[in-house]
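First the structure, in the form of structure tokens, and then the observations on it.
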Amino acid sequence: MTASPDIIVLFSGGLDSILAAKVLEDQGLQVRCLHCVSPFFGDAEALPRWRRLHGLDIVSLDVSTDFAALLRRRPAHGFGKVMNPCVDCKILLLRHARLYMETVGARLLATGEVLGQRPMSQRRDTLHLIPRDADVTGLLLRPLCARLLPPVPAEENGMVDRSRLLAISGRGRGEQLALAAHFGLKEIPTPGGGCRLTERENARRYWPVLTRRAGDGDALARDFALANLGRQFWRRLDGRDYWLGVGRNNADNKRLAAAAGPEDALLSLTGLPGPLGLAREGAAWPRPLLEEAAALTASYAPKAVAAQGLTALRADWRDGGQDLAVPPQRAGTLWSEPSWEEVRAEIREEARLRRETQSRSDA
């Protein structure tokens, strides 16, 4: 790890952020890469491999709590095509990066942004808006497109040689690939945002959490992490929403068990192999609802289905549990997950209502 970095680079693991770090290192500057993680993006476990592969100083920072709170209050600059709050996301990450920069005594921030590459967050107007709202104006350098933007103080005072920065724009990758060859990168990351919020299938999982679960910060972040695991089902009964996760494989089962809180019920088959179910706050569920969840969980166990009888399961939570015996059953269940079309309609209706409210308040 660099003892005293000059520059902190927001590092996604994608090609642009790698190149931004390399361009600055090529000028003899001490660079530290900051990799932010949340339930929606980031992979802290990849850091050792990235360090070896790219020869970079990389550290990780968990921003889950603040990012969940951002979604709870809704992004000020709106969602993209799915549930991606790209502009607000970059503002949040840069705020965290500035705090980290000040903690380690660095003097500058940098990102791998390219003018015109992304339609929501990398237009010229948003490239100016983001540092303003993140309170990093004058501290943020975009090495890959810097010569298409006004110089920052670090360029004017000679800390960074502007003539050795780039003027890349648009969505093509030709210039980046040439630069990667110049630096001898051993592996070229495939293009893509790497954010689960840009994918419709994930939005189907996250939107119910955002709109049906209470809590903020840490609790909501844990809920979003759970939404990434296994199969997801919801059930509304007597004005309350109930949530069930069911493992697809042994890895899912282990992650579900690790994600369980003290009031969550873990549903496991007794004497047969099969999936693990996690009933969020299931310790307080009425028994008939636990039995429904157990029947649905057992329906994904082939041996339980083949037995054509009652399946024994155990529902366990911190201070107790129940033994259950249910027929594996999936057909006709009242448990479901919203479709993308339903979620999209809800997002659009909420946005419309917010616009109307804002218009009335501005009048």
Side-chain angles (χ1 to χ4, degrees), residues 39 64-65 68-74 83 201-247 252 255-268 275-300 313-351 353-354:
S64 299
T65 297
L70 181 160
L71 292 175
R72 172 65 81 204
R73 64 180 179 264
R74 302 300 189 268
M83 265 186 74
E201 286 304 306
N202 290 323
R204 295 173 58 202
R205 293 168 172 254
Y206 298 142
W207 187 255
V209 172
L210 189 60
T211 56
R212 303 181 191 184
R213 293 284 295 168
D216 205 345
D218 289 343
L220 187 59
R222 289 193 296 271
D223 282 345
F224 281 127
L226 175 59
N228 286 327
L229 304 178
R231 304 173 179 90
Q232 298 283 308
F233 303 97
W234 291 84
R235 167 93 150 87
R236 189 162 184 82
L237 180 65
D238 297 330
R240 179 180 170 186
D241 291 296
Y242 295 87
W243 182 16
L244 171 68
V246 179
D252 271 353
R255 294 187 183 101
L256 285 168
E263 302 305 314
D264 297 336
L266 287 172
L267 306 171
S268 56
L276 186 72
L278 189 154
R280 199 55 140 185
E281 298 167 357
W285 288 17
R287 183 179 177 92
L289 206 61
L290 271 180
E291 290 176 341
E292 284 185 19
L296 182 56
T297 300
S299 75
Y300 289 97
L313 296 96
R314 175 72 183 173
D316 284 303
W317 51 89
R318 182 181 61 183
D319 296 325
Q322 295 183 25
D323 291 312
L324 306 167
V326 296
Q329 185 172 336
R330 195 182 315 171
T333 181
L334 296 174
W335 294 85
S336 64
E337 183 179 42
S339 68
W340 161 242
E341 289 71 23
E342 291 171 317
V343 167
R344 178 175 57 184
E346 289 185 24
I347 293 173
R348 288 178 174 177
E349 177 62 11
E350 183 183 274
L353 293 174
R354 285 176 178 272

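Throughout, residue positions are numbered sequentially from 1 according to the sequence presented.
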Taking the side chain as everything from C-beta on, heavy atoms only, tell me whether Val209 gets closer than 4.5 Å to Leu226.
no

Scan side-chain atoms only and decide if Gln232 and Trp243 contain a donor-acceptor pair under the 3.5 Å cut-off.
yes

Could you give the distance from CG (Leu353) to CD (Glu350), rounded to the nearest 0.5 Å?
8.0 Å

Yes or no on side chain to side chain contact (heavy atoms under 4.5 Å, CB included) for Thr297 and Leu244, after CA distance, side-chain angles and deciding distance?
CA-CA 9 Å; Thr297 300; Leu244 171 68; 4.2 Å; yes

Do Arg280 and Asp223 have side-chain heavy atoms sitting under 4.5 Å apart?
yes

Sort and list the pairs that fulfil salt bridge (Lys or Arg N to Asp or Glu O under 4.0 Å) and have at least one residue in residues 316-330, not counting sequence neighbours.
Glu263-Arg318, Arg314-Asp316, Arg314-Asp323

In terms of heavy-atom contacts, Leu276 and Ser268 come closest through CD1-CB, 3.7 Å

Where do Val343 and Pro338 come nearest, in terms of heavy atoms and distance?
CG2-CB, 3.9 Å

Any chance you could lay out the side chain to side chain contact (heavy atoms under 4.5 Å, CB included) test for Tyr206 and Leu71, step after step, and finish with the verdict?
CA-CA 10 Å; Tyr206 298 142; Leu71 292 175; over 6 Å; no

Does this structure show an ion pair linking Arg73 with Asp216, if we count only N-O contacts that are shorter than 4.0 Å?
no

All pairs passing salt bridge (Lys or Arg N to Asp or Glu O under 4.0 Å) where residues 285-298 contributes a residue, at least two apart
Arg235-Glu292, Arg287-Glu291

Considering all heavy atoms of both residues, which atom of Gly217 and which atom of Ala68 are nearest to each other, and what is their separation?
O-CB, 3.8 Å

Rounded to the nearest 0.5 Å, how far apart are CZ of Arg204 and CH2 of Trp234?
13.5 Å

Heavy-atom check, side chain of Glu281 versus side chain of Asp264, under 4.5 Å:
yes

For Leu290 and Ala279, work out which heavy atoms get closest and say how close.
CD2-CB, 4.4 Å

How long is the straight-line distance from CG of Leu313 back to CD of Gln322, given to the nearest 0.5 Å?
12.0 Å

Is it true that a side-chain atom of Asn228 and a backbone atom of Pro39 form a donor plus acceptor pair closer than 3.5 Å?
yes

For the OG1 atom of Thr211 and the CG atom of Asp241, what is their distance to the nearest 0.5 Å?
7.5 Å

Side chain Trp207, main chain Arg212, donor-acceptor under 3.5 Å:
no

To check you understand the geometry: which heavy-atom pair defines the closest contact between Pro208 and Ala203, and what is its length?
CD-O, 4.1 Å

Rounding to 0.5 Å, atoms CG (Asp252) and CG (Leu229) come to a distance of 6.0 Å

Trp285 vs Tyr242 aromatic rings, parallel, tilted or perpendicular, using cut-offs 30° and 60°?
perpendicular

Looking only at heavy atoms, what is the nearest atom pair of Gly215 and Leu220, with distance?
O-CB, 4.2 Å

Is Leu267 close to Val246 at the side-chain level, that is, under 4.5 Å between some pair of heavy atoms?
no

Checking the side chain of Arg74 only, and the main-chain atoms of Arg72 only, is there a donor and an acceptor separated by less than 3.5 Å?
yes

Could you walk me through whether Trp335 and Leu289 pass the side chain to side chain contact (heavy atoms under 4.5 Å, CB included) test, one step at a time?
CA-CA 10 Å; Trp335 294 85; Leu289 206 61; 4.1 Å; yes

Rounded to the nearest 0.5 Å, how far does CZ of Arg205 lie from CZ of Arg231?
10.0 Å

